[in-house]
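Side chains are part of it too, since the values below use all heavy atoms of this structure and drop only hydrogens, waters and symmetry mates. In what follows, chains are A, B, ... by sequence order, proteins preceding strands, each numbered from 1.
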2 protein chains.
Amino acid sequence: MKTEIIEILKRSQLSATESRAAILALFQEAGTALTHADIEKKTGALFDRVTIYRTLQTFVEKGIIHTIPTADNAILYALCKDNCSEGNHHDNHIHFICDNCSTTYCLDHINIPEIKLPKGFFISGTDILVNGICKNCNDN
Amino acid sequence: MKTEIIEILKRSQLSATESRAAILALFQEAGTALTHADIEKKTGALFDRVTIYRTLQTFVEKGIIHTIPTADNAILYALCKDNCSEGNHHDNHIHFICDNCSTTYCLDHINIPEIKLPKGFFISGTDILVNGICKNCNDN
DNA sequence: AATAGTTTGCAACTAAGTTGCAAATAATTT
DNA sequence: AAATTATTTGCAACTTAGTTGCAAACTATT
Ligand SMILES: [Zn+2]
Ligand SMILES: [Zn+2]
Ligand SMILES: [Zn+2]
Ligand SMILES: [Zn+2]
């Protein structure tokens with residue numbers, strides 16, 4: 001278990017267990033968003049699927065990862081890069097999903113455009129999902 | 001069965017059946033987005049849930065309704081107002097979900113802002129989900 | 001009215017997600 | 001470092017969501 005990962009877990013008042021460390025490491029290595037199924041595949045029979053569900057839930061609560069809504073209705077999870085904390089997410093960024101390889105990126109450094117609503121509507125948050133071809137798929 | 005509804009079904013080369021007419025009428029009355037569960041509740045025991053699944057799927061294919069991705073992962077469906085056709089949707093509009101009443105609106109007349117992506121990424125479509133308080137909930 | 005084509009409901013199934021609880025593991029105290 | 005306490009895990013059982021095959025019912029066509 002890497003010290004860096006133990007640090008992150010401790011900072012969120014979570015005990016450093018094998019499963020949490022392994023799943024957190026997976027996110028760091030991937031650098032992109034993952035589904036529950038992705039994680040189940042990559043960890044093989046190491047952990048029970050219930051443990052994966054509970055770990056993801058805990059990570060979302062603690063502000064370690066955030067969820068991404070998708071058109072095909074599979075929940076995606078990605079590392080929070082801003083300093084999110086317990087019950088206080090501020091991952092206000094655009095998400096990009098590649099039509100070709102399905103990889104999902106958090107575009108942290110792109111500005112969210114301002115959106116004007118009709119009279120009577122008040123805005124509290126915005127989720128922007130962009131589809132297209134990613135950097136990687138374009139290179140080939 | 002209203003003639004207007006039969007018209008819409010015929011135009012999409014669908015036979016005018018009780019269930020299709022009733023479900024289409026529901027969408028017209030609601031004016032907002034509905035989930036599979038909403039429809040199941042509103043139609044009571046009139047139709048089998050399998051029929052509802054199949055009807056929604058058919059309507060999406062034929063360009064009568066479109067799906068809306070949501071943060072909490074429930075698939076929402078809403079009437080297409082643009083002239084969508086079989087396999088060719090162009091419902092390029094913002095979706096608004098009320099934090100208070102959960103009603104979901106298609107904001108057809110609001111412009112989609114242009115989004116600039118990092119080098120190497122190419123855009124093919126955009127889904128914008130806005131959360132906040134709706135017109136209706138503000139009036140009270 | 002008869003026929004051909006399509007849609008529906010049922011039953012059975014697969015997949016996704018949740019819950020309770022005892023055993024195992026991690027953190028804290030002595 | 002061992003014992004105690006608190007937290008987490010895995011299993012089994014369950015609920016909910018969605019799919020598939022097929023015979024019966026319905027719609028459209030002749
Ligand atoms: Zn790609
Ligand atoms: Zn993100
Ligand atoms: Zn409202
Ligand atoms: Zn819409």
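To the nearest angstrom, P of C:dG9 lies 11 Å from CZ of B:Arg20. Rounded to whole Å, the distance from OH on A:Tyr53 to C1' on D:dG10 is 15 Å. C:dA26 atom C1' lies 17 Å from atom CD1 of A:Ile5, rounded to whole Å. For B:Gln57 and D:dT19, the CD to P distance is 6 Å, given to the nearest whole Å. Note: CG (B:Leu76) to P (D:dA17) measures 14 Å, nearest angstrom. Rounded to an integer number of Å, the gap from B:Ile52 CD1 to C:dT7 P is 17 Å. In this structure, A:Ile75 atom CD1 and C:dG17 atom C1' are separated by 9 Å, rounded to whole Å. Atom OH of A:Tyr77 is separated from atom C1' of C:dG17 by 10 Å (rounded to the nearest Å).
Of the N and O atoms on the side chains of B:Asp99 and A:Ser124, at least one donor lies less than 3.5 Å from an acceptor on the other residue. Checking B:Asp48 against B:Thr51 by side-chain atom types alone, no donor-acceptor pair falls below 3.5 Å.
Residues that satisfy the ring pair (Phe, Tyr, Trp, His ring centres under 6.0 Å) test with B:Phe121, not counting sequence neighbours, are A:Phe96, A:Tyr105. Residues passing the ring pair (Phe, Tyr, Trp, His ring centres under 6.0 Å) test with A:His36, sequence neighbours excluded: A:Tyr53.
Note on A:Leu46: only backbone sugar-phosphate atoms sit closer than 4.0 angstrom, heavy atoms only; bases stay farther off. Counting any heavy atom pair closer than 4.0 Å across all strands shown, B:Ile6 reaches no nucleic acid atom.
For the pair A:Thr70 and A:Leu129, the tightest heavy-atom approach, listed with the atom from each and the gap, is CA-CD1, 4.2 Å. Heavy-atom minimum distance, A:Phe27 versus A:Thr32: CD2-O, 4.5 Å.
Taking a 4.5 Å side-chain heavy-atom cut-off between Ile, Leu, Val, Met, Phe, Trp and Tyr, the cluster of A:Ile6 extends to A:Met1.
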Using the 3.5 Å cut-off, write out each protein N or O paired with an N or O of nucleotides 11-14 of chain D and the distance between them.
none

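Note on the helix from C:dA1-D:dT30 to C:dT30-D:dA1: angle between the axes of the first and last five pairs equals 30°, rounded to 10 degrees.
Between A:Arg20 and A:Thr55 the shortest side-chain heavy-atom distance falls below 4.5 Å. A:Leu46 has its side chain out of reach of A:Ser19: every pair of non-hydrogen atoms, C-beta onward, lies at least 4.5 Å apart. Contact annotation: the side chain of B:Cys106 approaches that of B:His95 to within less than 4.5 Å [non-hydrogen atoms, C-beta and beyond].
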*Go through the steps for B:Ser12 and B:Ile64 under the test side-chain contact (heavy atoms from CB on, under 4.5 Å), then give the verdict.*
CA-CA 8 Å; B:Ser12 299; B:Ile64 296 172; 3.7 Å; yes

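Of the residues in residues 7-18 of chain A, those lying under 4.0 Å from DNA chain D by heavy-atom distance are A:Ser15, A:Thr17.
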